[in-house]
**Student:** 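Below you will find the structure I want to go over with you.
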Amino acid sequence: MVFLFDGRKVMDFCKECGRERTKNALYCKHCGARADEERASDPAARYQRAMTRKRIIIMAAIAACLILLFAGYKTGEALTSKEKLISDFEAALDQKDAKKAAKLLQSSDVDLAVTEKNVKPLLDYLKEHPDQEKELITSLKSGAGHPLMTIEKKGRRFWIYDRYVLNTEPVYLTVKTNYKDTGLFVNGKKVITTEKENFEKKIGPFVPGTYEVKAKLKSGIADLEKKVKVTALQGDVKVNADLNGHMAKLVFEEGYENLKGTLWINGQEMKINPFKGTEFGPVLTDGSMSAQVEAQFPWGKLKSEKTPIEGEEIEVNLASDKGFMDDMMTAVVNHTKEAAKAFASGNVSGMTMAAPSYQNRLKEVTDGLKSSSTYYKGTYLSTVFDLDSFRLYKEDGQWKTELKGIEKHKSAYYDDYIAPKLEENDSGYTYTLVYSEGKKKWLIEKSDPEAVIDIEHQKEIKNDNPKEYTSAWASAKGAMNNASAGEELTDQKVAFAIEAYLYRLQDAINTNDFGLVRDSLKEGSPLYNDQKKLVAKLYNSGTEEEVVQFSVNSWKQNGREATIKTTEKINIIKGGKEQLKTYHWTYHAAIEDGRLLLTSIE
């Protein structure tokens, strides 16, 4: 039903549920209430009830909107707060995210726009100083500020929120360098080329942090370069990038002035003869540059190790050539092997690595030992070389080289009354080698005794075939093998007598010197005559012998005579081929005037 109220048309509504009702309907289709009960009621009251329901709905919607607006405001406030800004910056530092850090940071200098690239020095500094990073974040949170940056309120965002920014003061580098035309670089980027000597300029602005300042000058000799690591956190930082350039010249041992060679500075070949004493430069003398020289010698080319340039005079040692050092050490070791054998035999003619002067001195020493009835027994084990001791120079028209080493032997000196007691010992020497133009080889000229000292850089070369040698003149009448009438032989005395005989015979055969073995034989006996012929025969046929091992199986003394049974392993060397043979001998010996002399063999 439709009603008129104050001249207005009013729709027909159910009094129970408030919903619109079909015109002239007896019952409400929504709740079932009777319509005739309403028709008797006040139309104005029904309209008032309908309007109240609608107002409730509208007010609820308005309230919801207000709540949403308030929540949004608070959310925006949280997202734009200084706490959020500090948290984001801390996260960027932890993640080493330069791009994110650059977006959060700005400079008070309009000429410095903070970017992903130029903020990296700051991140590098904080990475190297985690304590400073911690202090920075703590200071920002407390609002106390920090020398590196501060947090400031700057205007509003979206017209309703306070706007906070992280602000850093710029830093500058005042760089000084001493050469004209020097390129100045900051973190690898060239910023200026100097226009004069003793140049100084303020460069910037930069974000605070760690920087590498480099000065580089391309000279006619080589590139001069100096790098300076700078921590620039506040204001203007002074940087001294003076290049330590000097004129320099090479210094050598005696005798180099007539050589021709090649000079390299930092690996770059120079167009000067290094042996003419010519000055060149400028070069750095702080050890950052190096010099290297190659030269032709009578025996071949030598190239020095790289020598750091640490002064205006550069001492270059061509004896530091690795191949040359190895050759000299090998020569000394081979010589020492030969010297050990010659020292025991007294025969220096077989020494191929020794100069005549060395052979003469060794002969004098062995003659002195013979005359004093002093004997030697020993084995050369190895030599430890001092790699810092090599020198190469010219003296009296001959090229010579020096090096130091420590020889290791297991040896003993003894006489007719004391048996040898072998012990390991070390002896230091300074070896002098001379180059023989005629033989085209290096020869040992002398080996002067040297105190045994600690060697910082060393190389040990071991004797690959150590042999034990005994003085060929060791007396058969000594305490080791004395068997005079009325005195009983012992195992030791018999063993020493056979050992002396075998090694003397070995050296006699190898040097064609029967005199070396004569003292072990009874003159005129069958064995004396046979061995004399054997020595000459084997030597002339090019056969050498080497005692490998022997043992005395048994012996028997009968008054002034003795019978000795042995097993001997002898290495026969002929034509470069070796053959190890084993012999079982029975020796007969005579005891005369305390001497045990062999007479026959079977």
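Everything numeric here is computed off the predicted structure, so don't read it as measured data.
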**Student:** Distance from Lys404 atom NZ to Thr383 atom OG1, nearest 0.5 Å?
**Tutor:** 15.5 Å
**Student:** Please report the shortest heavy-atom distance between Pro205 and Pro170, naming the atom on each side.
**Tutor:** CB-CB, 3.6 Å
**Student:** Ignoring hydrogens, what is the shortest heavy-atom contact between Glu133 and Leu93? Give both atom names and the distance.
**Tutor:** OE2-CB, 3.6 Å
**Student:** Of all the heavy-atom pairs spanning Ala91 and Lys100, show the shortest one and how long it is.
**Tutor:** CB-NZ, 4.0 Å
**Student:** Using only heavy-atom distances, determine whether the side chains of Asn425 and Ser411 contain a donor-acceptor pair under 3.5 Å.
**Tutor:** yes
**Student:** Does Glu254 have more than 12 heavy atoms from other residues, nucleotides or ligands lying within 6.0 Å of its CD?
**Tutor:** no
**Student:** Which residue is it: Tyr435, Tyr256, Tyr393, Trp442? I am looking for the one with a ring-ring contact (aromatic ring centres under 6.0 Å, His included) to Trp399.
**Tutor:** Tyr256
**Student:** Hey, is CD on Glu128 packed in by over 12 heavy atoms from elsewhere, all under 6.0 Å?
**Tutor:** yes
**Student:** Taking the side chain as everything from C-beta on, heavy atoms only, tell me whether Ser288 gets closer than 4.5 Å to Glu225.
**Tutor:** no
**Student:** Around atom NZ of Lys441, are there more than 12 heavy atoms from other residues, nucleotides or ligands closer than 6.0 Å?
**Tutor:** yes
**Student:** So do Asp109 and Tyr172 actually touch side chain to side chain, heavy atoms under 4.5 Å?
**Tutor:** yes
**Student:** Indicate the atoms forming the closest heavy-atom contact of Leu250 with Leu263, along with that distance.
**Tutor:** CD1-CD1, 3.8 Å
**Student:** Any idea which heavy atoms bring Ala291 and Ile309 closest together, and the distance?
**Tutor:** N-CG1, 4.1 Å
**Student:** Answer whether the closest heavy-atom distance between the side chains of Lys176 and Asp242 falls below 4.5 Å.
**Tutor:** yes
**Student:** Look at the side chain of Asn317 and the backbone N and O of Phe390, then say whether any donor-acceptor pair between them is shorter than 3.5 Å.
**Tutor:** yes
**Student:** So, the side chain of Asn266 versus the backbone of Gln268: is there a donor-acceptor pair under 3.5 Å, distance only?
**Tutor:** no
**Student:** Is there side-chain contact between Leu284 and Leu243, with heavy atoms separated by less than 4.5 Å?
**Tutor:** yes
**Student:** Asn118 versus Leu112: any side-chain heavy-atom pair under 4.5 Å?
**Tutor:** yes
**Student:** Do Glu212 and Lys229 come within less than 4.5 Å of each other through their side chains, counting heavy atoms only?
**Tutor:** no
**Student:** Do Thr174 and Asp236 meet the criterion of a side-chain donor-acceptor pair at a distance under 3.5 Å?
**Tutor:** yes
**Student:** What's the spacing between Phe385 CZ and Met325 CE if we round to 0.5 Å?
**Tutor:** 10.5 Å
**Student:** Just by distance, do the side chain of Asn463 and the backbone of Tyr380 share a donor-acceptor pair under 3.5 Å?
**Tutor:** yes
**Student:** Can you measure from CZ (Phe252) to CD (Glu315) and round to the nearest 0.5 angstrom?
**Tutor:** 10.5 Å
**Student:** When rounded to the nearest 0.5 angstrom, what distance separates CE in Met328 from CD in Glu402?
**Tutor:** 13.0 Å
**Student:** For Glu305, is there any backbone N or O sitting under 3.5 Å from a side-chain donor or acceptor partner on Ser320?
**Tutor:** yes
**Student:** Using a cut-off of 6.0 Å, state whether more than 12 heavy atoms not belonging to Lys303 lie near its atom NZ.
**Tutor:** yes
**Student:** Under the 3.5 angstrom rule, does the side chain of Thr194 hit a backbone N or O of Thr182 as a donor-acceptor pair?
**Tutor:** yes
**Student:** Check whether any side-chain heavy atom of Leu387 sits under 4.5 Å from a side-chain heavy atom of Met329, and report yes or no.
**Tutor:** yes
**Student:** Answer yes or no: are there more than 12 heavy-atom neighbours, outside Lys214 itself, under 6.0 Å from its atom NZ?
**Tutor:** yes
**Student:** To the nearest 0.5 Å, what is the distance between CD (Glu253) and OG1 (Thr401)?
**Tutor:** 9.0 Å
**Student:** Measuring only between side-chain heavy atoms, which start at C-beta, is Lys337 closer than 4.5 Å to Val333?
**Tutor:** yes
**Student:** When you measure from the side chain of Gln106 to the backbone of Asn167, do you find a donor-acceptor pair of N or O atoms at a distance under 3.5 Å?
**Tutor:** no
**Student:** Below 3.5 Å, can you tabulate the donor-acceptor pairs from side chains in residues 141-148 to any protein atom, sequence neighbours excluded?
**Tutor:**
residue, atom, partner, partner atom, Å
Ser142, OG, Thr138, O, 3.3
Ser142, OG, Ser139, O, 3.0
Ser142, OG, Ala144, N, 3.3
His146, ND1, Leu148, N, 3.0

**Student:** Indicate the atoms forming the closest heavy-atom contact of Leu122 with Met149, along with that distance.
**Tutor:** CD2-CE, 3.9 Å
**Student:** Is it true that a side-chain atom of Asn178 and a backbone atom of Asn198 form a donor plus acceptor pair closer than 3.5 Å?
**Tutor:** no
**Student:** If we ignore angles and hydrogens, is there a donor and acceptor under 3.5 Å between the side chains of Glu445 and Thr432?
**Tutor:** no
**Student:** Does Ile455 offer a backbone N or O that forms a donor-acceptor pair with the side chain of Gln458 under 3.5 Å?
**Tutor:** yes
**Student:** With ring-ring contact (aromatic ring centres under 6.0 Å, His included) as the rule and sequence neighbours excluded, what pairs involving residues 88-114 come up?
**Tutor:** none
**Student:** If you round to the nearest 0.5 Å, how far is CG of Asp327 from CG of Leu433?
**Tutor:** 11.0 Å
**Student:** Any chance you could lay out the side-chain hydrogen bond (donor to acceptor under 3.5 Å, both in side chains) test for Glu169 and Ser108, step after step, and finish with the verdict?
**Tutor:** CA-CA 6 Å; Glu169 294 293 327; Ser108 61; 3.0 Å; yes
**Student:** Can you name the one residue among Glu460, Glu407, Lys408 that meets side chain to side chain donor-acceptor pair (under 3.5 Å) with Ser382?
**Tutor:** Glu460
**Student:** Checking side-chain contact (heavy atoms from CB on, under 4.5 Å) for the pair Asn273/Lys260: CA distance, chi angles, key distance, verdict?
**Tutor:** CA-CA 6 Å; Asn273 186 343; Lys260 292 183 180 181; 4.1 Å; yes
**Student:** Does the pair Lys459/Asp326 count as a salt bridge with the N-to-O cut at 4.0 Å?
**Tutor:** yes
**Student:** Could you walk me through whether Val207 and Tyr125 pass the side-chain contact (heavy atoms from CB on, under 4.5 Å) check?
**Tutor:** CA-CA 11 Å; Val207 175; Tyr125 171 78; over 6 Å; no
**Student:** Taking NZ, NE, NH1 and NH2 as the nitrogens, is one of them in Lys103 or Asp97 under 4.0 Å from a carboxylate oxygen of the other?
**Tutor:** no
**Student:** Please step through side-chain contact (heavy atoms from CB on, under 4.5 Å) for the pair Ile203 and Val213, ending with a clear verdict.
**Tutor:** CA-CA 11 Å; Ile203 304 171; Val213 177; over 6 Å; no
**Student:** Can any side-chain N or O of Ser290 pair as donor or acceptor with the backbone N or O of Thr307 at less than 3.5 Å?
**Tutor:** no
**Student:** Begin with the C-alpha distance, continue with both residues' side-chain angles, and end with the deciding distance and a verdict on side-chain contact (heavy atoms from CB on, under 4.5 Å) for Val293 and Phe275.
**Tutor:** CA-CA 10 Å; Val293 174; Phe275 304 110; 3.8 Å; yes
**Student:** Tell me whether Lys201 at atom NZ has more than 12 heavy atoms from other residues, nucleotides or ligands lying less than 6.0 Å away.
**Tutor:** no
